[in-house]
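Structure record follows, encoded as structure tokens.
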Amino acid sequence: MAQVAGAQMDLEEAHGQDHGHDHDHEHHHPVESEQKIDFKIKLVLVGGMMLITAAVARYVFDTQIQSDILAAIAAVVLGGPIVIDAFKAMITGKCPHDHGIEGCDHDHDHEGGAHMEELVALAIIAAFARYEYLECGAVAFFMLIASFIEHRTAVGAQQQIEALIRITPTRARRLLEGGGEEEIDAAKLEPGDMVIVRPGDKIPGDGTIQKGNSAINQANITGESVPVEKSVGDEAFSGTINETGVLHIEITRAGKDSTLGRVQDLITQASATKPVVVRMLDRYAGYYTPVVLMIAAIVWFFTQDLDTCITLLLIACPCAIILAAPTAMVAALSSASRLGVYVKTVSDLEIARFVSAIVFDKTGTLTVGELNVTKLNPAEGISGGDLLQTCAAAEIGSKHPVAKAVVRMSTKAQLDLPEAINFEEVTGRGVKAEINGHQVLVGREAFLEDEGIDSTGLDMQSSEGMSLLFVARDGKIMGWVGLEDKVRAGASVVMDELEEFGVKRRVMITGDRRSPALRVAQELHLTDFESEALPGDKLELVKMLKSKGHTVAVIGDGVNDGPALAAGDVSIAMGAAGSDVAIHTATIALMNNNLNRIPFLLNLSKKTVTVIRQNLLGTLLYILAMVAALFGLGIVTPLVAAIAHGVSSIIVVFNSARLVREGENVVDHEPVESSAPAKRKRGIERVEKTAPVQAVTA
Ligand SMILES: Nc1ncnc2c1ncn2[C@@H]1O[C@H](COP(=O)(O)OP(=O)(O)OP(=O)(O)O)[C@@H](O)[C@H]1O
Ligand SMILES: [Zn+2]
């Protein structure tokens, strides 16, 4: 009980952060279902009271007539809707157990072909026909209670979708060109609009901060508990909460196109997909009801005892079986999304527990991806300033982390950058541009070599552990720029957890040089690494690992690694918030950059499957025990069966709800952790002796 309440609190909290003006909005679907559920609650309360009164009346009065009249009314009040729903379902072929999501066709798919209320409806009718009103009412009562609990707990798919709809911003304050501001519907925002967001307000769309700085609580989207400091030039996401400062934001994406909109799509899609077990059950579902009815008919033929038949129908009603997998899946999806992990189809969640090899990208995945220029090594006759200036001028058009680092450094050094023309970027290799009439090349050593540039004369002594950019002008080498990156905080802990989980090969592949790659590989206890890789090599690596029988997960930032991501059995895009590519190419979108979400995901997968198995096995045992008790001992009556039926569904729902709490102990690390360069070299030696790291190709 407490667990489920806790989960609901989380959802509620997300709602509670709605400061002020967002409250009075209307969303037709949740409102509709709320009404339905409210009505059901009243029904259950009224009916339940009458039943209890009827049961008491049976003992108080000498005759049974008073009790019977009350019980009959209760039976009609409680059982009526169930019988009507079941009839409707039989006629339309739709599952009566709708989750209240309007226009969501997947509902009846969800429950498969087994219309779980048909058998109960039949039992209700049979009991009513035999004047067993009290039993009849009790059956319906427990049935309603069970379905009510399913709806109310966080296990209801709808709960999760509702929570996301609640965080959708509804109002925005748009800045007018002539000064001043107007309040408009957030849905009416368009790219290019400038909005003002005050502390406590929700950010109405994705956009870039143009003025001000603030701490932004992004927990809604990225699952990071700690607010993120943002200032001019940073990206802000729809539905996140501005905590401290006043911001002017230029909208880049609004409504459905925003990160929030995409996340909502992902959740809706994911809860419409089916786990493998359910697909299997579906195949036989169509036969289930007829078979049970036949058995009941045979039993009746031999025993002539309608009570036994009614009891049998109740025992055989597969509510708990039908709830077993979907409730667990939805609970797991919801705890994943709380940590910023969005799974597109539930089968990915099932596969994740088998992962035995993981391929990581280096830059931006295992490392922070924010490089720093730490050394300039100009060739003879070239000044350091000239080298950096030329390099930065050529790189200004590139979005690669190395390019950003070089440009940032040149700004710091207050260099004026001449304009580059005929800029061209060769993916994973480097850039070409014309600067002040000179042909400039910047990139990896092999890139310059291919262009016929000789870099052998350069001093390479101090390049150990650094990423290098080689710069050439008019066919002559100018020198290299040395850059360094930091390994992500907590990455080595994550690697240890992965090893413990059974991920035998933890492989890094990078386009970078061998020396910095080796450094990262050793620092993180990776099993293999491949350096100086070309974009196509990632795909080859994934294929190779698969051919060795591994279930492979690929983790990247979605840039340049689309094919490799697509080839993985599971693919995870890191830092997917704000990146359309990443959300589209990967099967799992990780909205933040915390590597600790990976072991969490693998463990969640394992636990989810365990919970599903517990649910199924437990239910089967319960059914067998009930059947044995019915025929062997004759101690099971319709009333007992009705209670047991409701209880079994409730147990399944609560067991699944345990998954909602998964990941509550996942802590986010401080964003940056650095290893002091001086210690590093000695470190390498030590690690090498204890944990040999081999190149993949070897
Ligand atoms: N815009 C660029 N300017 C200069 N060099 C580049 C550029 N893009 C790529 N390179 C060179 O090509 C190499 C490989 O780039 P790539 O993007 O494939 O990998 P990476 O960023 O080094 O690492 P990872 O593969 O781990 O993300 C880089 O290390 C760099 O030397
Ligand atoms: Zn049932």
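Both ligands and their constituent atoms are indexed starting at 1 by order of listing.
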re atom 12 (O) of ligand 1, the protein heavy-atom contact at minimum distance is G428 O, 3.0 Å
Note: R429, heavy atoms under 4.0 Å from ligand 1, region reported as backbone
For I509, the atoms of ligand 1 under 4.0 Å from one of its heavy atoms are 26 (O)
If you compare D537, V426, L469 by their heavy atoms, the one closest to atom 5 (N) of ligand 1 turns out to be L469
Practice problem: Step by step, work out the side chain to side chain donor-acceptor pair (under 3.5 Å) result for D569 and T551. | Solution: CA-CA 6 Å; D569 295 297; T551 301; 4.7 Å; no
Short version for L534: what comes under 4.0 Å of ligand 1, heavy atoms counted, is neither
Check: S492/D496 side-chain N/O donor and acceptor closer than 3.5 Å:
no
Item to complete: May I ask whether T365 places a heavy atom under 4.0 Å from ligand 1?
Response: no
message: When you compare the side chain of V341 with that of I588, does any pair of heavy atoms fall below 4.5 Å?
response: yes
So for R513 against ligand 1, with non-hydrogen atoms under 4.0 Å, the contacting part is neither
The protein heavy atom nearest to atom 31 (O) of ligand 1 is R444 CB, 3.5 Å
Yes or no: does K538 have any heavy atom under 4.0 Å from an atom of ligand 1? yes
Counting from 1 in the order shown, the ligand 1 atoms closer than 4.0 Å to a non-hydrogen atom of T510 are 22 (O), 23 (O), 24 (P), 25 (O), 26 (O)
Near K362 (heavy-atom distance under 4.0 Å), the atoms of ligand 1 are 26 (O)
Item to complete: For S463 and R513, run side chain to side chain contact (heavy atoms under 4.5 Å, CB included): C-alpha distance rounded to whole Å, both residues' side-chain angles, the deciding distance at 0.1 Å, then the answer.
Response: CA-CA 10 Å; S463 68; R513 293 183 341 129; 3.6 Å; yes
For atom 27 (O) of ligand 1, the closest protein heavy atom turns out to be D361 OD2, 3.2 Å
| field | Backbone of G511 reached by a side-chain donor or acceptor of R444 within 3.5 Å | value | yes
- [ ] Indicate whether any N or O donor in one side chain lies under 3.5 Å from an N or O acceptor in the other, for T244 and S214.
- [x] yes
The closest protein heavy-atom partner of atom 20 (P) of ligand 1 is T363 OG1, 3.5 Å
Donor-acceptor check, side chain of S335 to backbone of L659, threshold 3.5 angstrom: yes or no? yes
Closest heavy-atom approach to atom 6 (C) of ligand 1 among P401, G430, G397, S398 is made by G430
Contact region, H400 to ligand 1, non-hydrogen atoms below 4.0 Å, reads side chain
- Message: Test side chain to side chain contact (heavy atoms under 4.5 Å, CB included) on L349 and M329; report intermediate values, then the result.
- Response: CA-CA 8 Å; L349 195 55; M329 280 296 173; 4.0 Å; yes
* Evaluate the criterion side chain to side chain contact (heavy atoms under 4.5 Å, CB included) for residue pair L601 and V343; output intermediate values, then yes/no. => CA-CA 10 Å; L601 184 76; V343 182; 4.3 Å; yes
Under the 3.5 angstrom rule, does the side chain of R473 hit a backbone N or O of M478 as a donor-acceptor pair? no
Under 4.0 Å from one or more heavy atoms of V442, ligand 1 contributes atoms 4 (C)
For G443, the ligand 1 atoms with a heavy-atom partner under 4.0 Å come out as 4 (C), 5 (N)
Discussion item. Under a 3.5 Å cutoff, is there a donor and acceptor pairing between the side chains of N372 and T374?
Written reply: no
shortest atom 4 (C) of ligand 1-to-protein heavy-atom contact is with E395 OE2, 2.8 Å
closest protein heavy atom to atom 22 (O) of ligand 1 is D512 N, 3.5 Å
Check: L524 main-chain N/O paired with R506 side-chain donor or acceptor under 3.5 Å | no
